[in-house]
Novice: 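Here you go, one structure.
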Amino acid sequence: MQNNFSIYNSLTRRKEKFEPLNPPFVGMYVCGPTVYSDAHLGHARPAIVFDLLYRYLLHLGYRVRYVRNITDVGHLQDEEADEGEDKIIRQAKKEKLEPMEVVQKYMNTYHRNMSQLNTLPPSIEPRATGHIIEQQEFIKKLLQSGFAYEANGSVYFDVVKYSEKYNYGKLSGRVLDELLQESRELEGREDKRSPFDFALWKKADPGHLMKWPSQWSEGYPGWHLECSTMSIKYLGEVFDIHGGGMDLMFPHHECEIAQSTAALGRESVRYWIHNNMITINGQKMARSLGNFITLDEVFSGSHPLLEQPYSPMTVRFFILQAHYRSTLDFSNEALKGAEKGLERLMKAAITLDRLKPSTDSTVNVDEIKTKCYEALDDDLNSPVLLAQLFEAVRLINSAREGTEKMTASDIAKMKELFSVFVKDILGLIDESAGRGNEKIVSGLMKLILDIRHEARQKKDFATSDKIREELSRLGITVRDLKDGAEWEFE
RNA sequence: GGUCGGUUGGCCGAGUGGCUAGGCGUCGGUCUGCAAAACCGUUUACGGCGGUUCGAAUCCGCCACCGACCUCCA
């Protein structure tokens with residue numbers, strides 16, 4: 001499997017050549033959502049970023065097993081004290097639903113939104129509640145290895161003991177001694193030996209809605225455990241890629257490393273990849289800050305901050321226009337810009353279909369293609385890839401104007417370029433497509449435009465304008481060219 | 001306070017020690033019966049102060065400001 005693909009590894013803080021453990025197979029695990037409310041713009045970013053990575057790896061010929069979990073238990077409101085209320089249970093009470101109804105409801109919304117954004121579904125989408133036994137087995141391993149301890153029916157991970165042998169904090173750059181000095185004293189619960197110990201199994205309080213029997217207590221698993229358990233179950237003890245948002249590096253991913261390393265005696269993940277945040281007015285978009293916009297609100301325009309609706313592809317393009325490791329600032333102006341840019345890109349594909357070949361050529365499609373690969377190979381640089389594609393757009397438009405020339409071979413290559421990079425890899429599809437019966441509509445349009453053409457030849461502009469206006473009312477735009485006219489749905 | 005990252009033109013965003021991505025917007029032009037689109041050009045860049053260098057937005061130092069993480073957050 002040949003490739004020149006390099007990717008930034010958060011663990012080593014460097015770009016590294018991507019070399020999977022067992023080519024052509026690639027194992028990729030990405031932290032999915034906790035399904036307790038509607039997906040917002042922030043959720044779209046990792047979904048699209050890792051969709052891009054998934055698509056590119058597939059394009060390069062790898063056989064990728066893409067695992068993305070659904071967290072449906074154990075994610076507490078106040079993780080620090082390990083006493084917060086489970087997010088899903090809290091929402092269930094609020095909506096007067098069964099916890100599993102809450103999970104199903106928001107999982108459905110999430111899937112619908114992800115499909116709208118044209119992200120490919122993962123190969124496996126495991127749920128925490130479906131892996132209670134496996135998580136308990138994992139806890140037993142940690143107890144056996146001595147890195148976990150039981151206290152009052154709960155089981156905790158012993159961070160202090162772990163750090164005597166391994167490096168707790170290596171991913172996020174934290175030093176345990178410093179963390180311990182700065183941490184405040186625990187109040188109430190004294191089950192934990194150290195404030196940075198985290199729960200593997202929590203004994204349920206009376207009346208707790210989601211709980212399972214175990215040898216320790218009726219209870220539920222800790223949040224960090226599910227990812228270690230399920231990634232190893234489906235991808236093996238050592239696998240290639242683990243992804244997620246930067247905000248998960250500490251403590252979530254740090255705890256995952258500790259759990260897996262403690263249980264297996266070695267590192268599980270070879271490449272840690274983290275996407276940056278979407279900001280709004282320079283501040284992270286987050287539920288807790290109350291400045292988030294849900295995807296449905298974006299698509300419908302029904303949020304006070306939105307001046308108009310923005311289509312799923314506009315959002316996708318907007319996200320792909322920024323490098324995944326940079327913050328991306330939301331604004332109406334930026335979204336509108338993305339909308340126009342996307343339109344320009346998609347129109348060029350249509351123009352390409354209608355282009356008449358020349359006998360000679362003034363363009364070098366292969367050069368653009370090479371640059372497109374270089375952009376992706378350099379840490380998945382989608383903005384530079386788009387810049388290259390816009391160079392192709394300029395050439396296509398110029399060819400239509402006659403200032404550049406493309407042979408039939410050039411046109412075929414260019415179509416291939418668009419098909420591979422725009423559609424397959426960037427996952428950008430024409431949202432105006434699929435309206436009406438293509439064949440009949442195009443036949444009718446040809447007829448109508450022929451009549452209009454004849455009217456214009458006779459300088460009967462009243463008729464030609466009437467046709468254009470009536471078509472416009474139906475949502476069809478007509479544009480006159482040097483020879484004939486072209487049309488499209490608005 | 002600790003750790004890490006950022007500060008690029010009206011907006012969003014790439015980037016490399018010298019050849020000034022790209023998109024959107026603005027303005028002008030070409031084309032056009034009109035319109036739209038397209039094309040060509042234009043517009044104001046690299047937070048501040050020093051330093052290294054023949055040459056720095058790009059390397060180093062200091063300062064200012066912003067953000068993320070250190071509770072949950074994609």
Side-chain angles (χ1 to χ4, degrees), chain A residues 10 13 30-34 39-50 75-82 84-85 87 169 172-175 178-179 181-184 196 223 243-252 254 274-279 282-289 292 317-318 321-323 325-345 347-348 351 371 375 378 381-391 393-394 396-404 456 459 461 464-465 468-469 472 477-482 485-486 488:
Chain A
S10 304
R13 289 155 209 247
V30 177
C31 286
T34 302
H40 60 80
L41 259 181
H43 291 98
R45 192 152 194 203
I48 288 168
V49 164
F50 291 104
H75 201 160
L76 308 183
Q77 277 301 335
D78 184 2
E79 198 74 23
E80 184 185 18
D82 277 321
E85 198 172 13
K87 292 183 173 193
S172 57
R174 299 220 148 71
V175 179
E178 291 173 4
L179 285 173
Q181 279 171 14
E182 289 153 17
S183 71
R184 53 185 156 144
F196 284 90
W223 174 42
M246 269 183 184
D247 49 351
L248 296 179
M249 282 175 82
F250 190 91
H252 186 55
E254 205 69 74
H274 291 94
N275 64 276
N276 214 320
M277 303 292 105
I278 287 183
T279 59
Q283 204 176 33
K284 177 181 160 182
M285 186 179 284
R287 199 170 301 286
S288 55
L289 296 171
F292 66 96
F317 184 88
F318 173 66
Q321 253 190 327
H323 186 82
R325 286 194 287 120
S326 302
T327 55
L328 170 60
D329 201 47
F330 163 87
S331 69
N332 279 285
E333 207 171 349
L335 260 297
K336 279 181 193 165
E339 187 175 51
K340 297 300 286 285
L342 174 67
E343 192 185 340
R344 182 175 157 85
L345 186 65
K347 270 186 182 167
T351 303
K371 286 181 177 172
D378 183 16
N381 199 327
S382 54
V384 168
L385 169 59
L386 281 167
Q388 292 306 325
L389 291 170
F390 276 109
E391 173 63 14
V393 169
R394 192 185 64 75
I396 290 165
N397 287 334
S398 295
R400 189 182 74 168
E401 295 292 312
T403 52
E404 298 277 355
R456 293 182 73 226
K459 305 268 177 198
F461 297 123
S464 72
D465 284 351
R468 188 172 62 192
E469 280 161 25
S472 173
T477 305
V478 174
R479 274 190 293 277
D480 292 324
L481 304 174
K482 277 187 177 147
E486 65 175 27
E488 67 178 356

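Quantities reported herein were computed from a predicted structural model and do not represent experimental measurements. Just so we're on the same page: letters track the sequence lines, and every chain starts at 1.
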Novice: Picking from B/rC70, B/rC12, B/rC73, which would you name as closest to the side chain of A/R174?
Specialist: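 Comparing B/rC70, B/rC12, B/rC73 against the side chain of A/R174, the answer is B/rC70.
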
Novice: Could you tell me whether A/M246 contacts a base, only the sugar-phosphate backbone, or nothing, with contacts defined as non-hydrogen atoms closer than 4.0 Å?
Specialist: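 It contacts nothing in the nucleic acid.
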
Novice: Counting side-chain heavy atoms from C-beta on, which of B/rC12, B/rA14, B/rA37 comes nearest to A/E401?
Specialist: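 Taking heavy atoms from C-beta onward, the closest nucleotide is B/rA37.
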
Novice: Measure the distance from CG on A/L328 to P on B/rG6 and round it to the nearest whole Å.
Specialist: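 The answer, rounded to whole Å, is 16 Å.
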
Novice: Of all the choices, B/rA38, B/rA14, B/rA74, which nucleotide is nearest to the side chain of A/N397 once you look at every atom?
Specialist: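 The answer is B/rA38.
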
Novice: Considering only side-chain heavy atoms of A/Q283, which listed nucleotide, B/rA74, B/rC12, B/rA68, is closest?
Specialist: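 Between B/rA74, B/rC12, B/rA68, the one nearest the side chain of A/Q283 would be B/rA68.
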
Novice: Partners of A/N276 by side chain to side chain donor-acceptor pair (under 3.5 Å), sequence neighbours excluded?
Specialist: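 Testing A/N276 for side chain to side chain donor-acceptor pair (under 3.5 Å), a comparison that skips the adjacent residues, returns none.
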
Novice: Identify, with sequence neighbours excluded, every residue that meets salt bridge (charged side-chain N to carboxylate O under 4.0 Å, His left out) alongside A/R174.
Specialist: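 In terms of salt bridge (charged side-chain N to carboxylate O under 4.0 Å, His left out), with neighbours along the sequence ignored, A/R174 is linked to no residue.
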
Novice: Considering every strand shown, what is the Watson-Crick or G-U wobble mate of B/rA21 when both distances are under 3.5 Å?
Specialist: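 Result: none.
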
Novice: Nearest to the side chain of A/F250, heavy atoms from C-beta on, is which of B/rC70, B/rG15, B/rA74?
Specialist: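 Selected nucleotide (nearest to the side chain): B/rC70.
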
Novice: When every nucleotide of nucleotides 22-35 of chain B is labelled 5' to 3' by its protein contacts under 4.0 Å (heavy atoms), B for base, S for sugar-phosphate only, - for none, what sequence of letters results?
Specialist: BSSS-------BBB

Novice: I'd like to check the side chain to side chain donor-acceptor pair (under 3.5 Å) partners of A/Q283; sequence neighbours left out, ordered by chain and number.
Specialist: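 Partners of A/Q283 by the side chain to side chain donor-acceptor pair (under 3.5 Å) criterion come out as none, since no residue qualifies.
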
Novice: Going by the rule ring-ring contact (aromatic ring centres under 6.0 Å, His included), which residues pair with A/F292 if we only count those two or more places apart in sequence or in a different chain?
Specialist: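 Scan of A/F292 (ring-ring contact (aromatic ring centres under 6.0 Å, His included), adjacent residues dropped) gives A/H40.
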
Novice: What's A/T279 touching, base or sugar-phosphate or nothing? Going by heavy atoms closer than 4.0 Å.
Specialist: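 Here A/T279 touches no strand at all.
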
Novice: Partners of A/N381 by side chain to side chain donor-acceptor pair (under 3.5 Å), sequence neighbours excluded?
Specialist: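 Here no residue qualifies.
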
Novice: Of the listed nucleotides (B/rA14, B/rA74, B/rC11), which one gets closest to any side-chain atom of A/S331?
Specialist: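 The closest nucleotide is B/rC11.
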
Novice: Consider the side chain of A/F318, meaning its heavy atoms from C-beta on, and name the nucleotide among B/rC73, B/rC12, B/rA37 that approaches it most closely.
Specialist: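 The closest nucleotide is B/rC12.
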
